[in-house]
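Heads up, the thing below is written out as C-alpha cells.
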Amino acid sequence: MELGPYLRRCLLGGLGLAAIFAGEFLFIWLLYRFFKPLLNRNKPKEQRPPDRKHPLFPLSGRARVAYMILCLENAIRYFGLENWEQVLERLWGLTETTEEVGFPQLFRVCAVLPINILPYERWKDLETDVLEEDLIDYFDGRPGVTEEEFRYLKELYQAAGWRLCVLDPLLQTAYKVTAASWVEGRKEFDGLVLEQVEYAERLLEGWNIPLPELPPALLRQTARGWGKPFSRCEIE
C-alpha cells in the first residue's frame, strides 16, 4: 500500500529528527569521553586498601626490603653487570643490623643513590641531596660516602649507562620501602609499600627480567614491625 504524500512527509521528517537526535547524542557522548579524564584529574584518589593476598603482606619490614634487594640483584644479573657488591652489601646491611632501623641506616642507603652521586664531578663538591631533609640535619651535611667510595660509585653508575633506567628505580624502591616500613610499622600493609613493590615487579616484567622467588627462610620472617635481623646467606 502506498503512503499518501502527507504520511510520507511525516515519516521522512521523523527519520530526519531521529538522525539529528542520534547525531547530537553521539556528539555529546564523544565530548563526555574526551573531557572525562580532565574532569576527574583533580578528584582525590581513594586510598588503596592493603592487599592481604600479596605474599609480602605478613612479612616484616626487613623481609620486604630483602625482596626489593633480590629484585635489584636479578636485574644486575640480567644485564650482566659486575662490581655491584659494595652497593649490595650496604643494602643488605638493612636486614643484618641488630639495631632498629633509623636515620643512620636510612642515610647510608640514601647516600649511595645515583641522584646523590652522578651530579657531582668531585667528592669535595658532594652535597647530601637526600630525599628527607631530616637526614641532612642528623649528619650535619657530611657526605655519606668516602672519597674512594664516591669514585667507585661514580664509575659504577656511569658504566651501567642506560641500564640505570631500571636499576635506579629499583634502588629507589629499596630506600622507600625501608622508610615506609620503619615509619608505618605493622599497622597494615600500607599503600606506599604495596605501590613500590608492585612497581618494581612491573618494571622487571616489562624488561622480561624474572621475578625473585621468595625463599622459605624469608617467608618465615613474620615478626611484627621492622622484624628480627637476618643475614643475606640465610635466605640464599
Side-chain angles (χ1 to χ4, degrees), residues 54-56 59 61-97 105-123 126 128-131 143-181 192-219 221 230-236:
H54 197 285
L56 289 188
L59 304 188
R62 293 180 195 264
R64 300 172 186 176
V65 175
Y67 182 73
M68 294 293 95
I69 302 173
L70 292 175
C71 288
L72 175 64
E73 289 184 339
N74 276 16
I76 292 171
R77 283 193 293 269
Y78 177 82
F79 291 128
L81 299 176
E82 299 178 348
N83 302 322
W84 278 74
E85 195 58 32
Q86 289 188 41
V87 175
L88 294 173
E89 285 179 358
R90 185 169 289 214
L91 291 172
W92 282 112
L94 293 168
T95 73
E96 296 172 351
T97 178
Q105 290 79 18
L106 286 174
F107 184 82
R108 280 182 54 79
V109 173
C110 191
V112 300
L113 296 178
I115 192 176
N116 291 322
I117 299 296
L118 288 177
Y120 305 100
E121 292 297 328
R122 300 172 299 178
W123 175 78
L126 185 64
T128 50
D129 290 341
V130 292
L131 301 182
V145 296
T146 64
E147 186 171 3
E148 181 180 355
E149 288 173 331
F150 172 78
R151 289 197 298 267
Y152 153 74
L153 291 169
K154 183 88 172 180
E155 293 176 1
L156 185 73
Y157 296 152
Q158 288 177 336
W162 60 269
R163 300 167 187 84
L164 277 184
C165 68
V166 176
L167 301 176
D168 179 50
L170 293 175
L171 282 164
Q172 294 277 354
T173 58
Y175 173 81
K176 293 175 182 178
V177 168
T178 302
S181 298
L192 176 58
V193 172
L194 179 60
E195 177 184 326
Q196 293 300 312
V197 169
E198 293 187 339
Y199 171 72
E201 291 176 336
R202 290 195 303 271
L203 185 62
L204 293 182
E205 291 172 345
W207 283 83
N208 294 320
I209 301 173
L211 295 177
E213 296 183 1
L214 286 170
L218 190 63
L219 291 173
Q221 300 294 329
F230 59 88
S231 66
R232 178 182 185 179
C233 62
E234 289 181 52
I235 63 172
E236 290 182 344

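These numbers come from the heavy atoms of this one structure, side chains and all, not from hydrogens, waters or symmetry mates.
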Nearest heavy-atom neighbours spanning Leu56 and Leu214 = CD2-CD2, 4.1 Å
More than 12 foreign heavy atoms under 6.0 Å from CD of Glu148: is that the case here?
-> no
Derivation of the side chain to side chain contact (heavy atoms under 4.5 Å, CB included) call for Leu81 and Leu167 | CA-CA 11 Å; Leu81 299 176; Leu167 301 176; 3.5 Å; yes
Side chain to side chain, Leu211 and Asn74, heavy atoms closer than 4.5 Å | no
Does Gln196 offer a backbone N or O that forms a donor-acceptor pair with the side chain of Thr173 under 3.5 Å?
-> no
Quick one: do Val145 and Arg90 satisfy side chain to side chain contact (heavy atoms under 4.5 Å, CB included)? Show the steps, please.
-> CA-CA 11 Å; Val145 296; Arg90 185 169 289 214; 4.0 Å; yes
When Leu113, Ile115, Val109 are each screened for side chain to side chain contact (heavy atoms under 4.5 Å, CB included) with Leu171, the one that passes is Leu113
If only atom types and distance count, is the side chain of Thr97 paired as donor or acceptor with the main-chain N or O of Gly93 below 3.5 Å?
-> no
Quick one: do Glu149 and Arg108 make a salt bridge, cutoff under 4.0 Å?
-> no
CD-CG distance between Glu82 and Leu156, expressed to the nearest 0.5 angstrom | 11.0 Å
Is there a donor-acceptor pair under 3.5 Å between the side chain of Arg62 and the backbone N or O of Leu94?
-> yes
Side chain proximity check, Val177 to Tyr67, heavy atoms < 4.5 angstrom | no
CH2-OG1 distance between Trp123 and Thr146, expressed to the nearest 0.5 angstrom = 8.0 Å
Met68 vs Val197 side-chain heavy atoms within contact, under 4.5 Å | yes
If you look at every heavy atom in Tyr120 and Phe150, which pair is closest and at what distance?
-> O-CZ, 3.4 Å
Any donor-acceptor pair under 3.5 Å linking the side chain of Tyr152 with the backbone of Asn83?
-> yes
Does Arg151 pair with Glu155 as a salt bridge, N-O distance under 4.0 Å?
-> no
List the atom of Ile117, the atom of Ala111, and the distance in Å for their closest heavy-atom pair.
-> CD1-O, 3.7 Å
Would a distance-only check, ignoring hydrogens and angles, find a side-chain to backbone donor-acceptor pair under 3.5 Å from Trp84 to Arg77?
-> no
Just by distance, do the side chain of Tyr78 and the backbone of Trp207 share a donor-acceptor pair under 3.5 Å?
-> yes
Nearest heavy atoms of Tyr157 and Pro114, plus distance in Å | CE1-CA, 3.7 Å
Leu164 and Leu118, any side-chain heavy atoms less than 4.5 Å apart | yes
Between the CG atom in Leu106 and the NZ atom in Lys176, the distance rounded to the nearest 0.5 Å is 13.5 Å
Might you point out which heavy atoms bring Ile235 and Ala66 nearest each other, and give the distance in Å?
-> CD1-CB, 4.3 Å
Side chain to side chain contact (heavy atoms under 4.5 Å, CB included) between Arg232 and Leu88, worked out = CA-CA 10 Å; Arg232 178 182 185 179; Leu88 294 173; 4.0 Å; yes
Any sub-3.5 Å donor-acceptor pair from Lys154's side-chain atoms to Arg122's backbone N or O?
-> no
Of all heavy-atom pairs linking Leu91 and Ala174, the shortest is CD2-CB, 4.4 Å
